[in-house]
Amino acid sequence: MQKETEIKLRASRETLEALRDHPLLKKRNKSGWEKRELFNQYYDTPERDLSRAKVALRLRRDGDQFIQTLKSRGQSVAGLSERNEWDWYLPKAKLDPKKLGDDCWPASLADLDKKTLAPIFTTDFVRERAEIAWGRGKAKVVVEAALDLGKVIAGKAEEEICELELELRQGEPEALLELARELAADLPLMPCDISKAERGYRLFDANSYSVALPAPALDAEMPLDDAIAAIAWHLLGSSQRLAEQYRFNGHWKLLGEWLQQLIDLRALLGSLGQAAPRASSHGLREALDALIGDWRPRLAAGQDDEAARQAAPQQFADELAGTRWGLFSLDASSWLLARSWAVGRNDRGNRQGKAALGKWLPRLLGDEARDLQLDRYKRQPEDLAEQLPRIERLLVWLRLARSVLLEIPETDRCYGELNKLAELAGRPIDEEALEARVSQAHQVLTLKSWKQLLK
């Protein structure tokens with residue numbers, strides 16, 4: 001078994017052409033580009049038991065070699081993934097189930113009859129690969145760069161493969177992100193954590209690709225720094241999966257959910273005080289403000305305008321054809337991997353970062369709730385929109401960390417009612433909207449949980 005660490009970046013055909021001669025790769029290319037045709041047959045049971053167990057089984061023909069590979073799903077965020085991989089070289093193009101022993105086969109599939117494994121889809125592509133190496137401080141970094149162009153085929157359905165893969169051979173994962181970031185500064189490259197196998201399953205069954213990621217595992221005793229990392233990785237990873245799925249099928253609801261992840265991430269960054277000094281997140285906040293500033297009005301327009309909804313897929317394609325989204329995703333990944341918010345902060349910030357989440361969070365929510373001054377907006381509902389950033393800061397923590405608030409009652413209801421208030425704050429003002437704002441502000445103020453926060 002070996003550990004595979006790689007980053008996958010979706011590209012266009014024009015971008016692949018440009019990458020071959022990109023100055024950065026050209027300077028570090030130690031092997032030249034080697035072209036190979038790779039033919040890959042994936043296997044599963046008719047019930048797709050392997051997919052549910054989060055493993056992928058394929059048989060690859062690479063020239064005269066036949067390679068059987070089993071991969072685990074592993075962790076993948078913003079295109080950067082770590083997976084366990086087992087390879088077996090076979091004498092002919094025939095799957096050998098006997099190789100799938102207990103050392104690699106998931107325990108959940110122990111009773112599976114391997115004779116039921118059958119071909120399910122193919123991923124055939126031309127790969128151009130090169131060894132890229134350079135010095136990073138005193139360490140050497142070696143990366144295999146692969147330009148893949150071909151197709152995923154499942155029955156009569158097919159999807160183009162057009163991507164750059166950077167696989168770490170030697171060095172630290174941060175080096176992959178640094179290289180990807182430098183390339184994405186010049187070319188539109190979209191970090192993408194959907195594997196070729198996942199694309200095949202998605203073609204085979206459109207409902208097999210889940211955009212939902214497991215909620216971050218939080219508890220009252222964990223340090224705030226760990227909670228920041230868990231929540232931010234979750235939001236970034238969710239935004240990537242939603243972007244990929246919206247690009248694939250254009251469903252309007254997914255675009256709104258994608259924007260919500262960005263709003264939540266922006267609110268998170270704005271809520272951290274000295275634990276994450278503003279200078280440490282300045283670039284990310286600027287990028288998020290620009291994305292949200294462009295896309296929030298489009299989503300608002302599309303609520304009542306079919307033409308706006310119909311225009312959104314092309315607008316999103318145009319977004320992906322630029323460098324903004326890829327650069328933001330890679331910068332955010334680097335920021336999280338290096339925990340950059342903790343670098344160079346003062347003693348007070350270090351104390352906050354080490355504080356138990358269960359003690360820090362009620363204080364934050366209490367301060368935000370008091371500063372919201374909902375009584376005022378019962379009298380001046382026309383000004384509620386100015387408090388939307390504060391409401392969003394409350395919402396991101398209530399959505400993802402309300403299980404930590406053990407002494408505050410009805411936190412689910414508090415989140416729901418506050419979310420309704422946020423929706424009203426973002427609507428255009430008319431007499432009906434103003435009356436609804438007054439009513440909803442009163443509703444929040446009467447909640448037991450809100451009264452508890454205000455103490």
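Along the sequence shown, residues are numbered consecutively beginning with 1. We use all heavy atoms of the structure for the numbers below, so side chains are in, but hydrogens, waters and symmetry mates are not.
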For the residue pair E306 / Q310, report whether a side-chain donor-acceptor contact shorter than 3.5 Å exists.
yes

Not counting sequence neighbours, which residues clear side-chain hydrogen bond (donor to acceptor under 3.5 Å, both in side chains) with T69? List them please.
D87

Taking all non-hydrogen atoms of both residues, which atom of Y246 and which atom of P313 are closest, and how far apart?
OH-N, 3.1 Å

Which of these passes ring-ring contact (aromatic ring centres under 6.0 Å, His included) with W325: F316, W258, W295?
W258

Any pair counted as ring pair (Phe, Tyr, Trp, His ring centres under 6.0 Å), so long as it reaches residues 375-403, sequence neighbours left out:
W360-W397

Hey, what do you get for SG (C192) to CE (M190), rounding to the nearest 0.5 Å?
5.5 Å

Do R402's NZ or CZ and the ring of Y415 fall within the cation-pi criteria of under 6.0 Å and 45°?
yes

Crowding at CD, E431 (>12 non-hydrogen neighbours, <6.0 Å):
no

Okay, side chain of R370, backbone of L454: is any donor-acceptor separation there less than 3.5 Å?
yes

Ignoring hydrogens and angles, tell me if any N or O in the side chain of Q240 forms a donor-acceptor pair with the backbone of L236 under 3.5 Å.
no

Give me the atom names and distance for the closest heavy-atom approach of S340 to S280.
O-CB, 4.0 Å

Does L424 offer a backbone N or O that forms a donor-acceptor pair with the side chain of R437 under 3.5 Å?
yes

Going from CG on L365 to CZ on R393, what distance comes out if it is rounded to the nearest 0.5 angstrom?
11.5 Å

Between L149 and E163, does a side-chain contact (heavy atoms from CB on, under 4.5 Å) hold up when you go through it step by step?
CA-CA 7 Å; L149 181 62; E163 62 193 21; over 6 Å; no

Y201 ring center within less than 6.0 Å of F121 ring center
yes

Pick one: which of N40, T123, D148 meets side chain to side chain donor-acceptor pair (under 3.5 Å) with K196?
D148

Quick one: do R61 and E37 satisfy salt bridge (charged side-chain N to carboxylate O under 4.0 Å, His left out)? Show the steps, please.
CA-CA 8 Å; R61 177 162 69 83; E37 287 187 279; over 6 Å; no

With rounding to the nearest 0.5 angstrom, report the CD to CG distance, Q245 to L255.
13.0 Å

